[in-house]
Amino acid sequence: MKEERMERENRQETAVAAVAAFYRGFDPEAYLKYNYTPPRADFSRSDSIVPWKLNCLHKAFKEDAIKGDILVDIGSGPTLYQVMSGCEHFNRVILSDFLEVNRSELKKWLKDGQSNFDWTPYLKHVCELEGRSSSAWQEKAERLRSVVTDIFPVNVHHPFPFPPGSLPASSADCLVSSFCLESVSPDISSFTQALRNLSSLLRSGGYLLLIGALGESFYMAAPDVRIPVVPLDEAQVCASLSVTGFDLLQLSVYRLIPDMLVGVDDVKGVFFAKARKP
Ligand code: SAM
């Protein structure tokens with residue numbers, strides 16, 4: 001019995017390590033270009049993916065008045081869009097990624113303002129969602145720069161995903177995570193375990209805003225780096241949230257339209273889940 005369990009755990013560890021190895025080739029610049037430029041980020045269209053995601057996040061913070069001290073984003077990658085609404089509602093925002101290249105890309109924009117990627121259209125769009133003039137984007141940029149206090153290394157496959165001593169357990173008031181868990185897990189049980197691990201960061205009563213890919217089996221993280229993804233369906237997302245103890249409050253789905261398929265993945269849809277830790 002014990003041997004069987006150890007064998008299963010060893011197999012799981014090997015599978016997780018195999019996925020991690022793909023990430024050695026992750027190129028932040030290519031990833032941003034593939035996913036965060038038009039047509040996927042076309043702010044003149046309401047059927048483009050990025051405006052859909054920004055709208056989901058904006059509505060969640062507004063309608064549920066989600067606010068508090070600490071907002072934590074898990075697996076930020078080189079992107080900042082996912083905290084552009086939340087940064088107005090929390091005193092402190094913590095970003096995180098597994099890869100130093102991504103943490104350093106985030107730092108370039110946050111600390112030195114020297115990123116090659118232009119987040120201005122995103123900042124303007126979120127200002128408009130908030131009923132402010134798009135010219136308020138600089139205030140939002142300043143707000144974001146002032147509330148992000150840390151960019152931590154993270155590994156969602158560890159029972160406590162942050163480095164020891166970086167943040168007390170259960171201290172986040174809200175967790176955001178986008179396109180991370182399914183693209184770093186070898187299978188659905190590992191995805192579910194990663195979700196359970198995230199939960200250790202969140203306080204009781206805190207919110208989880210989870211965005212992810214549906215029906216995706218791979219994505220390109222550089223011209224020649226193809227990263228495997230667990231192809232999820234809506235029922236699996238709901239089941240994983242339920243078995244890890246979250247109360248699901250909302251599940252919205254965006255189905256990809258043909259011109260969003262730009263040859264960098266085989267994603268079929270995107271889900272947005274709003275859940276609460278009891
Ligand atoms: N959140 C960003 C977004 O919305 O586009 C990036 C998502 S990207 C598909 C997946 C991210 O997970 C990458 O930035 C990668 O470095 C990170 N990652 C890889 N392995 C990880 C792990 N074991 N734990 C946490 N994050 C990991």
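Being a predicted model, the structure only gives us computed values, none of them experimental. Each ligand, and each atom within it, is numbered from 1 in the order the structure gives.
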K.L.:
Write out the residue and atom name of the closest protein heavy atom to atom 9 (C) of ligand 1, then the distance separating them to 0.1 Å.
P.N.:
F179 O, 3.1 Å
K.L.:
Would you say K33 has more than 12 foreign heavy atoms packed within less than 6.0 Å of its NZ?
P.N.:
no
K.L.:
Are any of the N/O atoms in G75 less than 3.5 Å from those in ligand 1?
P.N.:
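So ligand 1 has an N or O lying under 3.5 Å from an N or O of G75.
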K.L.:
Please compare V101, V154, N155 and report which has the shortest non-hydrogen distance to atom 23 (N) of ligand 1.
P.N.:
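Residue with the shortest heavy-atom distance to the ligand atom: N155.
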K.L.:
Quick one: do R145 and E142 make a salt bridge, cutoff under 4.0 Å?
P.N.:
no
K.L.:
List every atom of ligand 1 that sits less than 4.0 Å from any heavy atom of S183, numbering the atoms from 1 in the order shown and giving each element.
P.N.:
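The atoms of ligand 1 under 4.0 Å from a heavy atom of S183 are 9 (C), 10 (C).
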K.L.:
Give the numbers and elements of all ligand 1 atoms closer than 4.0 Å to a heavy atom of Y81.
P.N.:
3 (C), 4 (O)
K.L.:
Got a salt bridge between E29 and K108, using NZ or NE/NH1/NH2 to carboxylate O under 4.0 Å?
P.N.:
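So E29 does not pair with K108 through a salt bridge.
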K.L.:
Identify whether the distance between the nearest side-chain nitrogen and carboxylate oxygen of E130 and K62 falls below 4.0 Å.
P.N.:
no
K.L.:
Which residue owns the protein heavy atom closest to atom 27 (C) of ligand 1, what's the atom, and how far is it?
P.N.:
F98 CB, 3.3 Å
K.L.:
Considering only NZ, NE, NH1 and NH2 on the basic side and carboxylate oxygens on the acidic side, decide whether D187 and R11 come within less than 4.0 Å.
P.N.:
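The answer is no: the pair does not qualify as a salt bridge.
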K.L.:
When you look for heavy atoms under 4.0 Å from ligand 1, do you find them on the side chain of Y23, its backbone, both, or neither?
P.N.:
side chain
K.L.:
Give the C-alpha distance, both sets of side-chain angles, the deciding distance and a yes or no for side-chain contact (heavy atoms from CB on, under 4.5 Å) between F26 and Y31.
P.N.:
CA-CA 8 Å; F26 190 101; Y31 179 76; 3.5 Å; yes
K.L.:
Taking only heavy atoms of Y36 into account, list the atoms of ligand 1 that are under 4.0 Å away from them.
P.N.:
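The list of qualifying atoms is 3 (C), 4 (O), 5 (O).
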K.L.:
Tell me, do L71 and H89 make a side-chain contact under 4.5 Å, heavy atoms counted?
P.N.:
no
K.L.:
Distance to 0.1 Å, residue and atom name: give those for the protein heavy atom nearest to atom 2 (C) of ligand 1.
P.N.:
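Closest protein heavy atom to atom 2 (C) of ligand 1: S76 O, 3.2 Å.
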K.L.:
Near H157, which atoms of ligand 1 are under 4.0 Å from a heavy atom of that residue?
P.N.:
23 (N)
K.L.:
What about Y31: any of its N or O atoms under 3.5 Å from an N or O on ligand 1?
P.N.:
yes
K.L.:
Salt bridge (charged side-chain N to carboxylate O under 4.0 Å, His left out) between D173 and R203: does it pass, once the steps are laid out?
P.N.:
CA-CA 6 Å; D173 297 291; R203 73 165 166 84; 2.7 Å; yes
K.L.:
Would you mind telling me if ligand 1 is within reach of the side chain of D97, the backbone, both or neither, using heavy atoms under 4.0 Å?
P.N.:
side chain
K.L.:
Classify the contact between N102 and ligand 1 as side chain, backbone, both or neither, using a heavy-atom distance cut-off of under 4.0 Å.
P.N.:
side chain
K.L.:
Just wondering, more than 12 heavy atoms not from E4 lying within 6.0 Å of its CD?
P.N.:
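Check fails, neighbour count at 12 or below.
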K.L.:
Where is the tightest heavy-atom contact between L198 and S177, given as atom of each residue plus distance?
P.N.:
CD1-CB, 4.5 Å
K.L.:
Check for me whether the distance between the ring centres of Y36 and Y81 falls short of 6.0 Å.
P.N.:
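They qualify: ring centres under 6.0 Å apart.
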K.L.:
Salt-bridge test for E9 and R5: reply yes if a basic N is under 4.0 Å from a carboxylate O, no otherwise.
P.N.:
yes
K.L.:
What is the closest protein heavy atom to atom 24 (N) of ligand 1, and at what distance does it sit?
P.N.:
V156 N, 3.0 Å
K.L.:
For ligand 1, which atoms sit closer than 4.0 Å to a heavy atom of C180?
P.N.:
12 (O), 25 (C), 26 (N)
K.L.:
At under 4.0 Å between heavy atoms, which part of A221 makes contact with ligand 1: side chain, backbone, both or neither?
P.N.:
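Neither part.
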K.L.:
Taking only non-hydrogen atoms of A20, do any sit less than 4.0 angstrom from ligand 1?
P.N.:
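Distance cut 4.0 Å: A20 fails for ligand 1.
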K.L.:
Where's the contact between S178 and ligand 1, heavy-atom distance under 4.0 Å: side chain, backbone, both or neither?
P.N.:
both
K.L.:
Should the proximity of T79 to ligand 1, defined as any heavy atom under 4.0 Å, be assigned to the side chain, the backbone, both, or neither?
P.N.:
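Side chain only.
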K.L.:
So if I count the atoms of ligand 1 from 1 in the order they appear, which ones are less than 4.0 Å from some heavy atom of V184?
P.N.:
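Reading through ligand 1 atom by atom, the close ones are 12 (O), 18 (N), 19 (C), 20 (N), 21 (C), 27 (C).
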